[in-house]
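Comments concern the structure below.
Here the structure is a predicted model, which means the values were calculated and not measured.
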Amino acid sequence: MSSDEENSAKKASNKEVLTGVIVSIASVAAGTAIAWSSPVNPKLSEDTLHDTPLDRVATEIEKSWIGSLVALGAFITPFIAGPLSDKIGRKWTLLSSAIFFILSFILLLTTRSVTQIYIARLIQGFGVGFVMTVQPMYIGEIASDAVRGALGSLMQLFITVGILYVYVIGPYNTYYELQWACLAIPIVFFATFFFMPESPNYLISRGRKDDATKALVFLRGKKPEEVQEEISVLEKNIQLAMEKAGSYVDVFRGKANTKALTISVGLCVFQQLSGINAVLFYTQDIFLKAVGKSGESTHGAPDSALSTIIVGAVMMGASGVTPLIVDRLGRKVLLLFSAAGIVVALGFLGLFFMLDAHNYEIVQSLGWLPVTALIVFVIVYCFGFGPLPWAVMGEMFSAEIKSKASAVVAGSCWFLGFCVTLGFEPLDTALGTHWAFWLFGICSAGGFIFVLLIVFETKGLTSQQIQDKLNGL
């Protein structure tokens, strides 16, 4: 390869990476919405009434709804975002997610009632659903083969960046300062992504060949005549996909589709039954229970806040490592490792809260246990059951039904996430924190068995080979 060709390849890769990073700012906004209630819930408690927009203390049931409504919003929107992205484009659908986030934080800045917080959190869920439905689609369509895998892994990583962002800012700043800090993220996303190209696939599907050429020229860093071969391939593939496009009913038809749906929904079910959303939404509350509300660190900040930050940082680090090992070790091995690790971590976390509930003196010397258990939990979760259900889903379904199957799976995932998050506080109150975590652990043991018996390894398999295995060939 000549020096000019090497520079051209580097330029193309840089522009694709730049576009992938900018679109992933939307995932940071989604992460802030997911983690928002963790530092805010303690601010709504009686002893922090000076730092709350409300004129009264929020009840435990109200805080459960505040935490869970994001998942409800995200359950609704995959069935809207997918078709909308086909009508107005991937780019404008993603830009509209920023409007949801901006509106929600304006409502949170001006609220004086729990009802307005409910509305804001539901709107945040709409934004999360838009991002998690359309961003993977957009990245898959703008990236070349050389960087598609790396860019595809950015969503999970940037979500954890948003989670850590809230964990760091929330406990050390006022309620209103946190809202302003979160509001800045979708504004930055809209202002930067506005100048990025539309998906070439969408443009071709709309007969806008010249615009698709311009988009590829930008992304690949090549001249118009140098991208004509790729344009021709896109035209052919999109025409075939449009001719064979399936309906929602087709998702439930045929041996291959049925088994793919079973595997994909099953993985997402056990992902949510690990309790991940309950942990993320209530992390600081969990540590407040563990260390006591009067516990102070040497820096004068609550130990619960510092512990929460540690968990968020570890989650971000683990999410960055996973893309480097998944193609070496395989999906099934990592999923089994993840499920087993979650069972162990939740077992010890439940043990701590059981000892605390029965006032065992040894609890005084076990302050490190809940932090360690949650660190192990997020590490093994990010190695397997965090990103891999989505990766496996992307490999399981044929092109004709992929978008509709993805909406069904994502909707199922977020509906269960809503139920788990809403039910965590009542479950905690009724049975005790220890049994809440032990039940999540029992479900994760079921996830281990599910992966062992039902899920097959897809590493190194082509799309056709995967379809053959689904059909039992």
Side-chain angles (χ1 to χ4, degrees), residues 1-30 85 89-95 97-98 130-161 188-206 208-238 241 319-324 326-327 387 390-391 394-395 399 402-403 463:
M1 180 181 289
S2 67
S3 176
D4 289 342
E5 289 173 328
E6 288 177 354
N7 289 336
S8 178
K10 183 178 180 181
K11 182 179 180 182
S13 178
N14 286 343
K15 286 191 174 181
E16 289 167 13
V17 171
L18 173 65
T19 305
V21 168
I22 288 176
V23 72
S24 295
I25 298 174
S27 293
V28 180
S85 70
R90 287 43 162 157
K91 175 181 175 178
W92 288 101
T93 305
L94 282 166
L95 284 172
S97 72
F130 267 52
V131 171
M132 297 191 72
T133 302
V134 183
Q135 184 184 321
M137 193 185 308
Y138 177 82
I139 286 182
E141 293 174 352
I142 62 100
S144 61
D145 292 342
V147 294
R148 184 173 293 117
L151 294 186
S153 67
L154 290 180
M155 186 172 77
Q156 174 74 16
L157 176 60
F158 275 67
I159 286 174
T160 62
V161 171
V188 170
F189 167 66
F190 192 97
T192 53
F193 187 60
F194 181 84
F195 298 99
M196 295 298 103
E198 177 57 272
S199 157
N201 299 52
Y202 169 77
L203 295 171
I204 289 290
S205 71
R206 292 296 173 177
R208 296 164 59 184
K209 183 176 179 180
D210 289 343
D211 290 333
T213 300
K214 291 177 183 177
L216 282 177
V217 165
F218 172 84
L219 291 165
R220 308 294 184 254
K222 296 179 179 180
K223 298 176 182 179
E225 57 270 20
E226 294 175 323
V227 299
Q228 290 309 306
E229 182 179 351
E230 187 171 355
I231 288 288
S232 298
V233 172
L234 281 177
E235 287 181 314
K236 180 179 178 181
N237 291 341
I238 289 171
S319 296
V321 171
T322 304
L324 303 177
V326 64
D327 286 324
W390 304 108
E395 297 172 324
K402 182 171 289 187
S403 62
S463 296

So which heavy atom on [X] is nearest to which on [Y], and how close?
X      : Y      : answer
Ser319 : Thr160 : OG-CG2, 3.3 Å
Leu203 : Ala215 : CD1-CB, 4.2 Å
Ser97  : Val131 : OG-CG2, 3.6 Å
Leu157 : Gly320 : CD1-N, 3.9 Å
Glu141 : Tyr202 : OE1-N, 4.4 Å
Phe218 : Thr19  : CE2-OG1, 3.8 Å

Kindly compute the distance separating [atom1] ([X]) from [atom2] ([Y]), expressed to the nearest 0.5 Å.
X      : Y      : atom1 : atom2 : value
Leu234 : Lys209 : CG    : NZ    : 11.0 Å
Lys15  : Ile142 : NZ    : CD1   : 12.5 Å
Met137 : Asn201 : CE    : CG    : 10.5 Å
Phe130 : Leu94  : CZ    : CG    : 9.5 Å

Glu225 atom CD, over 12 foreign heavy atoms within 6.0 Å: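 Enclosed.
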Lys/Arg-Asp/Glu bridge criterion (N-O < 4.0 Å) met for Glu226, Arg220: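 Salt bridge between Glu226 and Arg220, a charged N being under 4.0 Å from a carboxylate O: no.
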Give a yes or no on whether a salt bridge exists between Glu198 and Arg208, defined as a side-chain N under 4.0 angstrom from a carboxylate O.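 No, Glu198 and Arg208 are not salt-bridged.
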From the options Leu216, Ile231, Asp211, select the one residue that forms a side-chain contact (heavy atoms from CB on, under 4.5 Å) with Ile204.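 Exactly one option meets the side-chain contact (heavy atoms from CB on, under 4.5 Å) with Ile204, and it is Ile231.
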Please enumerate all residues that pass ring-ring contact (aromatic ring centres under 6.0 Å, His included) together with Phe193, with sequence neighbours excluded.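 Phe193 satisfies ring-ring contact (aromatic ring centres under 6.0 Å, His included) with Tyr138, Phe189 once adjacent residues are dropped.
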Is the backbone of Val227 close enough, under 3.5 Å, to the side chain of Glu230 for a donor and an acceptor to pair up by distance?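 Answer holds: no.
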Are the side chain of Lys91 and the backbone N or O of Phe194 linked by a donor-acceptor pair below 3.5 Å?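 Pair found, side chain donor or acceptor close to backbone of Phe194.
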side-chain contact (heavy atoms from CB on, under 4.5 Å) against Met155, all qualifying residues, sequence neighbours excluded: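 Only Ser27, Met132, Gln135, Pro136, Ile159 meet the side-chain contact (heavy atoms from CB on, under 4.5 Å) criterion with Met155.
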